[in-house]
Amino acid sequence: MQVHQAAMIYLNDPKSGLTKAGSRANYRSELNKLDQHRELDSFTERDLVDACHTPCIKGERKGQRPSDGTIYSRRKVYEGFFKYAMFMDWIKKDPSLYLQRHLGGRGQAVKENNWLTREEVTNVLDAVDMDHIAGPRDNLFMRLGFTVGLRVSELANLRWKDINFDRREISLVGKGDKMAVVSITKNTFGYLMDWHGQCAVEIGRKPHNEMVIPRIKSVAAYNEETGSWLSERIQSIDWAGEPLSNTTLGRVCKHYSEKVGVKFAPHDMRRTFAGLLFEKVDIYQLKEAMRHSDVSVTERYLQTRPDGAAQAVRDAGLDF
């Protein structure tokens, strides 16, 4: 089924929900921008993301990026159209199913996913001040994200008891309450051992249930001689504290993102892990490394990567 054939049926079918002439006209206008002779089942999520970002062809924004509202409207058109195509059994897979992950709502900024190159990852890790109290923690947090591919929730809840130092592995309960074992790369393991030793010294025993990525407490300093509070604050590692929130971990990434000029969020570390590893293994091996239930989920981590062609010819290496 080609686009022009499907669009004509869709726009005239009461089951499409397009009861108003204005709505049908708007949907017709956006669908006409797609290749009319292209087969429906050939469209990918990347194709629709690109279509939503197609520069305006008229008006004040002619030749420019469309507004967030326009992107939102285009997204709704493609979602409605391809959902209908699935209902009619014209396609086996809906390419618009996860557009919301990439495209913001009306009036919202468009959410961008970021894949870092090997060089960018190195620059980020090199920017960590290991002499600062939070440096070793931040270094390990990002290394576990970039080289092991842990999810944000897994990083936040990782405890020392989850690590098998003899086998250099982490046992964890992943998404869907599934047990999994992942391997730690050589250099990351070295930093992990140093951090483990620091924890043992500070708590006076072998760590067990303490957080691997702990909170940093900050309290006001008190001068007992003068009986007054000082302007500076005292920082300490709260090994026995609660797990860090996703918001706090996001701030850590934002700090180094701004410091180096490389934009990335916590989940972009896992996305980067997938992109770099895919240069060394096939999609099915990557699926196992990502601990996905289906290879189609793994494909979504790769298909919207903007520099995939360039990355394919670069030497891979996940141990920084």
Side-chain angles (χ1 to χ4, degrees), residues 1-13 15-18 23-57 65-106 108-115 175-176 265 267-268 270-272 274-275 278 282-284 286-287 290 292-312:
M1 177 74 73
Q2 296 181 339
V3 172
H4 69 96
Q5 298 170 310
M8 182 175 62
I9 298 173
Y10 172 63
L11 294 170
N12 292 285
D13 188 344
K15 291 193 292 294
S16 68
L18 302 175
S23 296
R24 288 196 297 274
N26 177 59
Y27 272 59
R28 182 179 294 107
S29 175
E30 293 301 336
L31 291 174
N32 282 340
K33 295 173 184 176
L34 299 177
D35 184 346
Q36 297 298 293
H37 297 288
R38 184 170 174 177
E39 295 292 331
L40 287 183
D41 56 9
S42 71
F43 281 88
T44 66
E45 185 177 287
R46 178 73 258 173
D47 293 330
L48 298 185
V49 171
D50 290 342
C52 288
H53 286 95
T54 301
C56 299
I57 59 175
R65 173 191 177 279
S67 66
D68 293 340
T70 298
I71 291 174
Y72 170 81
S73 297
R74 290 176 178 177
R75 190 196 97 199
K76 299 304 290 185
V77 170
Y78 299 140
E79 286 175 339
F81 179 59
F82 282 96
K83 183 177 181 180
Y84 179 84
M86 278 288 292
F87 169 74
M88 297 294 288
D89 202 28
W90 293 337
I91 56 177
K92 299 299 183 183
K93 181 180 178 181
D94 183 356
S96 73
L97 189 60
Y98 298 101
L99 282 182
Q100 191 171 3
R101 298 184 308 174
H102 310 286
L103 307 171
R106 190 185 301 274
Q108 297 177 350
V110 176
K111 181 179 179 181
E112 296 182 358
N113 296 321
N114 299 286
W115 288 258
K175 197 172 182 179
H267 197 65
D268 291 327
R270 179 170 165 82
R271 192 172 283 111
T272 296
F278 190 50
D282 62 36
I283 189 67
Y284 296 100
L286 181 59
K287 166 187 169 293
M290 296 292 286
H292 287 153
S293 58
D294 190 270
V295 73
S296 63
V297 180
T298 310
E299 290 173 342
R300 289 199 292 272
Y301 270 73
L302 303 171
Q303 64 183 245
T304 53
R305 183 177 177 179
D307 63 339
Q311 283 292 335

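This is a predicted model, so every value here is computed, not measured.
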Taking atom CD of Gln36 and atom CG of Leu31, what is their separation to the nearest 0.5 Å?
7.5 Å

For Asn26 and Ser23, test the side chains for any donor-to-acceptor distance below 3.5 angstrom and give the result as yes or no.
no

Checking His267 now: which residues fulfil side-chain contact (heavy atoms from CB on, under 4.5 Å) with it, not counting sequence neighbours?
Arg270, Arg271, Tyr301

Give a yes or no answer on whether the side chain of Asn114 reaches the backbone of Asp268 with a donor-acceptor pair at less than 3.5 Å.
no

Could you grab the distance from atom CE of Met1 to atom CD1 of Ile91, nearest 0.5 Å is fine?
11.0 Å

Between NE2 on residue His292 and NZ on residue Lys287, distance to nearest 0.5 Å:
9.5 Å

Using modelled atom types only, decide if a donor and an acceptor are shared between the side chain of Ser73 and the backbone of Gly69 within a distance under 3.5 Å.
yes

What distance do Asp35 atom CG and His4 atom NE2 have between them, rounded to the nearest 0.5 Å?
9.5 Å

Atom CG of Asp282 and atom OG1 of Thr298: how far apart are they, to the nearest 0.5 Å?
11.0 Å

Closest contact, heavy atoms only, Pro66 versus Pro55
CD-CA, 4.2 Å

Applying side-chain contact (heavy atoms from CB on, under 4.5 Å) to Asn12 and not counting sequence neighbours gives Met8

Would Leu40 and Gln5 count as a side-chain contact (heavy atoms from CB on, under 4.5 Å) if you check the C-alpha gap in whole Å, the side-chain angles of each, and the deciding distance to 0.1 Å?
CA-CA 10 Å; Leu40 287 183; Gln5 298 170 310; over 6 Å; no

Heavy atoms of Leu34 and Ala51 approach each other most closely as CD2-CB, 4.2 Å

If you look at every heavy atom in Arg38 and Asp47, which pair is closest and at what distance?
NH2-OD2, 2.6 Å

Separation of Leu99 CG from Arg74 CZ (nearest 0.5 Å):
13.0 Å

Identify each donor-acceptor pair in which a side-chain atom of residues 77-90 lies under 3.5 Å from a protein atom, sequence neighbours left out, and give them as a table.
from  : atom 1 : to    : atom 2 : distance (Å)
Glu79 : OE2    : Arg75 : NE     : 3.0
Tyr84 : OH     : Asp13 : OD2    : 2.5

Close side-chain approach of Leu18 to Leu11, heavy-atom, < 4.5 Å
yes

